2 protein chains.
Amino acid sequence: MKAVMGRPAAAGAQETRDALVRGAIDALKEQGFAGASAREIARRAGCNQSLVFYHFGSVTNLLLAALDEVSAARHAHYQAAVERATGLGELVDAAEAVFEEDLDAGHIAVLAEMIAGASATPGLAPEVAARIAPWRQFAADALGGVLSDTPLSGVIEPDVAAHAVVALYLGLEMLAHLDGDRTAALALFARARELAVLVEALSGPPEGEPGGREKP
Amino acid sequence: MKAVMGRPAAAGAQETRDALVRGAIDALKEQGFAGASAREIARRAGCNQSLVFYHFGSVTNLLLAALDEVSAARHAHYQAAVERATGLGELVDAAEAVFEEDLDAGHIAVLAEMIAGASATPGLAPEVAARIAPWRQFAADALGGVLSDTPLSGVIEPDVAAHAVVALYLGLEMLAHLDGDRTAALALFARARELAVLVEALSGPPEGEPGGREKP
DNA sequence: GTCTATACTTGGATAGAC
DNA sequence: GTCTATCCAAGTATAGAC
């Protein structure tokens with residue numbers, strides 16, 4: 001009843017891999033790229049340092065696996081949050097909620113530290129860049145779907161704005177993490193919401209959903 | 001004819017300090033926080049590794065000195081560029097010009113790497129944060145002076161927007177540096193300029209400068 | 001002030017026992 | 001698959017000669 005599937009027989013291998021990835025995420029979040037050593041990650045994972053190399057070949061590969069994990073989890077989560085948003089204001093709401101979650105979980109910190117650390121390790125930059133491209137694409141899709149109904153559609157290109165959103169997201173995370181204070185970022189989301197509803201008002205109420213919402 | 005002033009007698013001391021600071025800036029830019037070691041910096045400065053500790057006490061102190069140097073140079077330069085801008089559109093122009101200069105000189109990279117690296121070294125975060133506060137303040141002043149004449153003055157608070165500007169600046173630098181391509185950032189500045197002149201048009205032409213500019 | 005030499009520490013990576 | 005033991009490279013920092 002064992003080793004019947006394609007999965008290798010040994011017990012706990014996947015658990016160890018997961019623990020190492022989790023440890024890498026936490027290490028990047030709390031100690032940065034420079035502090036995310038094989039020894040530190042293994043300590044957090046509760047296993048031996050050599051397992052980093054057994055399972056991932058190198059520390060760099062493990063860090064990239066951590067970035068993959070975060071990217072996949074985020075993509076699914078963003079998708080769900082954004083699909084619920086019907087207008088620009090709701091999109092800002094979704095962005096704020098997701099921003100706080102990411103901040104707590106250290107997801108954006110992983111991204112930021114990997115970008116900053118890419119300068120140190122030859123060949124790492126393109127790998128990181130390839131894993132960021134989907135984020136930009138996703139932001140572009142979300143913005144494109146919402147901006148089309150507003151007067152901004154003529155002056156704002158979704159992919160240009162998406163680049164700004166990703167950059168802003170990154171910068172806000174770094175500043176918030178630096179001084180352990182996210183109130184400045186939250187104030188910004190609040191203002192963005194005001195601007196969003198202002199723009200929505202300019203575009204005029206669409207034919208659907210005139211006010212009260214009734215189920216047919 | 002020597003050692004008459006308050007300056008210590010020895011020759012070339014200040015030159016060495018400057019070379020080390022310059023080496024630290026370049027190392028942070030090209031190899032990141034993790035690659036900015038005493039040995040690497042000294043190699044770039046063309047001197048011995050031990051001089052880092054003689055002049056600055058520790059690598060961390062040298063990196064902070066590099067951040068100080070960049071901050072001071074930037075502040076003076078921004079001031080001059082912003083004072084020339086009379087409207088929102090010209091402010092965007094100034095921001096773009098300064099952004100490219102900073103990108104080339106590695107100034108923002110120093111900032112970004114120090115923020116990212118602050119997680120690795122205990123006690124570094126508040127030091128870095130203290131050196132960023134003036135940037136935010138400066139952006140707030142520049143925005144406050146320009147926004148007051150536009151319809152945005154009611155919905156945008158200068159210090160909130162300043163935080164966003166600093167964060168965006170940081171994020172754009174990181175992304176541009178990551179894939180060695182600043183076209184996405186430049187496209188963003190182009191769109192921002194369009195939006196700026198659009199807002200300026202909404203606020204109506206002010207009494208001064210109706211069109212042609214004549215010297216009285 | 002600058003250099004060489006060196007002590008000490010940490011980290012990446014591999015070999016081999018279990 | 002996991003551990004211990006170990007090698008080697010690189011980094012911080014200090015001491016002492018010049």
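Naming: A, B, ... by sequence-line order, numbering from 1 per chain. Remember, predicted model here, so these are calculated numbers, not experimental data.
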*Take Glu40(A) and His55(B), find for each the nucleotide of DNA chain C with the closest heavy atom, and name the residue whose nucleotide sits nearer the 5' end.*
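Upstream on the strand: His55(B).
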_Under a 3.5 Å distance rule, please check whether Thr150(A) uses its side chain to pair with a backbone N or O of Leu147(A) as donor and acceptor._
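Flag set: sc Thr150(A) to bb Leu147(A) pair under 3.5 Å.
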Looking at the side chain of [X], which of [options] is the nearest nucleotide?
X: Cys47(B); options: dC3(C), dA15(C), dT2(D); result: dC3(C)
X: Gln49(B); options: dG12(C), dA13(D), dC3(C); result: dA13(D)
X: Thr16(A); options: dT2(D), dG11(D), dG11(C); result: dT2(D)
X: Ser50(A); options: dA13(C), dG12(C), dC3(D); result: dC3(D)

What is the distance from [atom1] of [X] to [atom2] of [N], rounded to the nearest Å?
X: Leu62(B); N: dA13(D); atom1: CG; atom2: C1'; answer: 14 Å
X: Gln31(B); N: dG11(D); atom1: CD; atom2: P; answer: 9 Å
X: Phe56(B); N: dT14(D); atom1: CZ; atom2: C1'; answer: 18 Å
X: Glu15(B); N: dG1(C); atom1: CD; atom2: C1'; answer: 12 Å
X: Leu51(B); N: dC18(D); atom1: CG; atom2: C1'; answer: 14 Å
X: Phe53(A); N: dA15(C); atom1: CZ; atom2: C1'; answer: 14 Å
X: Asn48(A); N: dT4(D); atom1: CG; atom2: P; answer: 6 Å
X: Tyr54(B); N: dG16(D); atom1: OH; atom2: C1'; answer: 14 Å

*Which part of the nucleic acid, if any, lies within contact of Val52(A), taking any heavy atom under 4.0 Å across all strands shown: a base, the sugar-phosphate backbone alone, or nothing?*
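No contact.
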Hydrogens and angles aside, do [X] and [Y] bring a side-chain donor and acceptor to less than 3.5 Å of each other?
X: Asn48(A); Y: Tyr54(A); result: no
X: His77(B); Y: Glu101(B); result: yes
X: Arg74(A); Y: Gln79(A); result: no

*Which heavy atom in Leu188(B) sits nearest to a heavy atom in Val160(A), and how many Å separate them?*
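Nearest pair, atom of Leu188(B) first, then Val160(A): CA-CG1, 3.6 Å.
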